[in-house]
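Throughout, a chain's letter reflects where its sequence line sits, starting with A, and its residues are numbered from 1.
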Number of protein chains: 2
Amino acid sequence: MSLTPSHRPALAEEVTRQLRGMIQSGEWPLQEKIPAEPELMASLGVSRGTLREAIKALAHSGMLEVRRGDGTYVRATSEISGAAQRMYKEHTQEHVVEVRVGLDTQAARLATKHATAEDIAAMRALLQLRHDAWLAADYPAWARADWDFHERVALASGNPLLHQLYVSFGGVFHDDLLRQQRKAGFNGIPHEGHDELADAIEARDEAAAVASVYRNLDFAAEWINK
Amino acid sequence: MSLTPSHRPALAEEVTRQLRGMIQSGEWPLQEKIPAEPELMASLGVSRGTLREAIKALAHSGMLEVRRGDGTYVRATSEISGAAQRMYKEHTQEHVVEVRVGLDTQAARLATKHATAEDIAAMRALLQLRHDAWLAADYPAWARADWDFHERVALASGNPLLHQLYVSFGGVFHDDLLRQQRKAGFNGIPHEGHDELADAIEARDEAAAVASVYRNLDFAAEWINK
DNA sequence: TCTAATTTGTACGTATGTATG
DNA sequence: TCATACATACGTACAAATTAG
């Protein structure tokens, strides 16, 4: 076992890279079926076993879903979302939200230090979208705008790792918001809470930003087990 | 394409689950070589293609490293730690610590609510270990006790996901603590700060616990870029 | 250089699930 | 309802490349 592996890239790994490129470049759009195995074998010039290993790797990471007897579909454009979805399944909603509170709080704190005027304008626009969607009873749009707002706060934190985590978790939290909305009596997290947070970030008030996050998510937590 | 997949679990996926179990249970220790393909084919009762697909999936997620002509080695005990190691390489220490502040804060908050007398006794014992190791100039033991303390707080939070994240990040943070210790003038994070946190948890004082975390990590952050 | 162990890549056959007419 | 086509799932067998000693 040498210390300098220098192992030339395995063929299956190279094929994985090519498939990932097809997805990320948009050549294979989301939710679409990719070409069948025989066709890919010919176009990539590899055997079936090699191709299947590459597909399995991407399927395990959540980018592809293989439906036996049907075909293989593009389910995500990034690999981290697979691990995020599995974590989400293996833990209770309550525990996942508790972790999110920690990240939300830190994103809010950092945003009070690093947010630009452009960041704040984008937040306000998303909150307006969120408000309009709720009034129009367009719940998918409401959930999307809600999450886009939180993701925008993470971006404004100036911490790319934090932002990457939010992007990765986006799918599961978006679905979760929709599920909560369907519960009887749920009237949406008050828009005042989100406005408070945007105000606090604009005012560079760290304590107010943190307090706002705690209030908003404590409200959300009440609905988890109902 | 139906909206309810309802596909029964694929065999390769089941094998992936079993391999993951071998690693997480510690049956295959970290950095060790796992049995060769023919042996696994016999013990798991599957063909080589199926086995290789499962191995490729775990290798792609970072838990296994396959070395051609040598063997396959365990590189991480969970998929999160594989992602964690990749994240650690791709981001600055400052940004990683900022994320850790968010998790530490939440762990401390939850610990004030859920910590048992046993938890608190364990924390005190680890702090004593940490103190003694520093006085004895045993820096590896000091770094281990320091991290064990934080991991114990996460365990006391009663949130298994949060604790899992700490275990996954353990390796990289432990190395990081040692690296900081070697810098000239570093005198260790004052033990008073950790005692404060333990006191706050025992007193169920959420605000004091959060404030203590902020003070401790602001101190640590000062040394990152030196 | 040689040998043994290991993973790698390929080819083919059969079974099984899914969609569609 | 049934039959057909298509796609993936799984297994076996063999040759090649790589590494450790």
Side-chain angles (χ1 to χ4, degrees), chain A residues 1-19 22-23 28-29 31-76 82, chain B residues 1-20 22-23 28-29 31-76:
Chain A
M1 175 175 169
S2 69
L3 287 178
T4 58
S6 82
H7 51 136
R8 78 128 186 271
L11 183 52
E13 209 61 36
E14 172 63 19
V15 174
T16 304
R17 203 184 57 78
Q18 291 182 0
L19 296 183
M22 297 283 200
I23 297 170
W28 291 345
Q31 311 301 337
E32 286 289 302
K33 180 155 69 174
I34 73 175
E37 285 180 350
E39 190 173 341
L40 287 176
M41 288 166 59
S43 71
L44 296 176
V46 296
S47 76
R48 182 159 209 167
T50 305
L51 174 63
R52 284 183 56 85
E53 287 180 15
I55 290 178
K56 256 299 187 294
L58 292 181
H60 185 255
S61 76
M63 292 183 70
L64 294 178
E65 181 192 358
V66 183
R67 293 169 58 96
R68 186 176 174 178
D70 182 4
T72 302
Y73 296 79
V74 179
R75 292 302 186 213
Chain B
M1 173 180 167
S2 70
L3 285 179
T4 57
S6 83
H7 51 138
R8 81 124 184 270
L11 181 52
E13 208 63 34
E14 172 63 19
V15 173
T16 304
R17 204 186 57 77
Q18 289 181 0
L19 295 183
R20 200 186 303 137
M22 296 283 199
I23 297 171
W28 292 344
Q31 311 302 337
E32 286 288 302
K33 181 154 68 175
I34 73 174
E37 285 181 352
E39 191 173 340
L40 288 176
M41 287 166 58
S43 71
L44 296 176
V46 297
S47 76
R48 188 172 152 250
T50 303
L51 174 63
R52 294 204 62 211
E53 287 180 14
I55 291 179
K56 257 296 187 294
L58 291 181
H60 187 255
S61 77
M63 291 181 70
L64 294 177
E65 181 191 358
V66 183
R67 295 172 58 97
R68 250 175 11 185
D70 182 4
T72 302
Y73 295 80
V74 179
R75 294 302 186 211

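No side-chain heavy atom of B:I23 sits under 4.5 Å from any side-chain heavy atom of B:I34. Between A:L40 and A:V15, every side-chain heavy-atom pair lies at or beyond the 4.5 Å cut-off.
Looking at which nucleotide of DNA chain C each of B:G69 and A:G69 is closest to, the 5′-most match is held by B:G69. Both A:G45 and B:E37 sit near DNA chain C, but only B:E37 has its closest nucleotide nearer the 5' end.
Taking atom NZ of residue B:K33 and atom C1' of nucleotide D:dG21, one finds them 12 Å apart after rounding to whole Å. Rounding to whole angstrom units, CG of residue A:L11 and C1' of C:dA11 are separated by 15 Å. The distance from atom CZ of A:R68 to atom P of C:dT16 is 8 Å, rounded to the nearest whole Å. Atom CG in A:L44 sits roughly 11 Å away from atom P in C:dT10 (whole-Å rounding). Between the C1' atom of C:dA5 and the CZ atom of B:R67 lies a distance of 14 Å, rounded to the nearest Å.
By the side-chain hydrogen bond (donor to acceptor under 3.5 Å, both in side chains) test, B:Q31 is found to be paired with B:R75, residues two or more places apart in sequence or in another chain being considered. Applying the side-chain hydrogen bond (donor to acceptor under 3.5 Å, both in side chains) criterion to B:T72, with sequence neighbours excluded, gives no partner residue. Looking at residues two or more places apart in sequence or on another chain, you find a side chain to side chain contact (heavy atoms under 4.5 Å, CB included) between B:P38 and B:A36. The salt bridge (Lys or Arg N to Asp or Glu O under 4.0 Å) search around B:E32 returns none, not counting sequence neighbours.
Annotation: proximity of residues 51-59 of chain B to DNA chain D (heavy atom, distance under 4.0 Å) is found for no residue.
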Interface polar pairs with nucleotides 12-14 of chain D, N/O, under 3.5 angstrom:
none

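Side-chain N/O atoms of B:T72 include none lying less than 4.0 angstrom from OP1 or OP2 on C:dT6. Between B:T50 and D:dA9, a side-chain N or O to OP1/OP2 separation shorter than 4.0 Å is absent.
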Does the salt bridge (charged side-chain N to carboxylate O under 4.0 Å, His left out) test come out yes or no for B:E53 and B:K56, once each step is laid out?
-> CA-CA 5 Å; B:E53 287 180 14; B:K56 257 296 187 294; over 6 Å; no
Hey, mind stepping through A:M22 and A:V74 against side-chain contact (heavy atoms from CB on, under 4.5 Å) and telling me if it holds?
-> CA-CA 10 Å; A:M22 297 283 200; A:V74 179; over 6 Å; no
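Among residue pairs with one or both ends in residues 39-49 of chain B, those qualifying as salt bridge (Lys or Arg N to Asp or Glu O under 4.0 Å) are B:E37-B:R48; sequence neighbours excluded.
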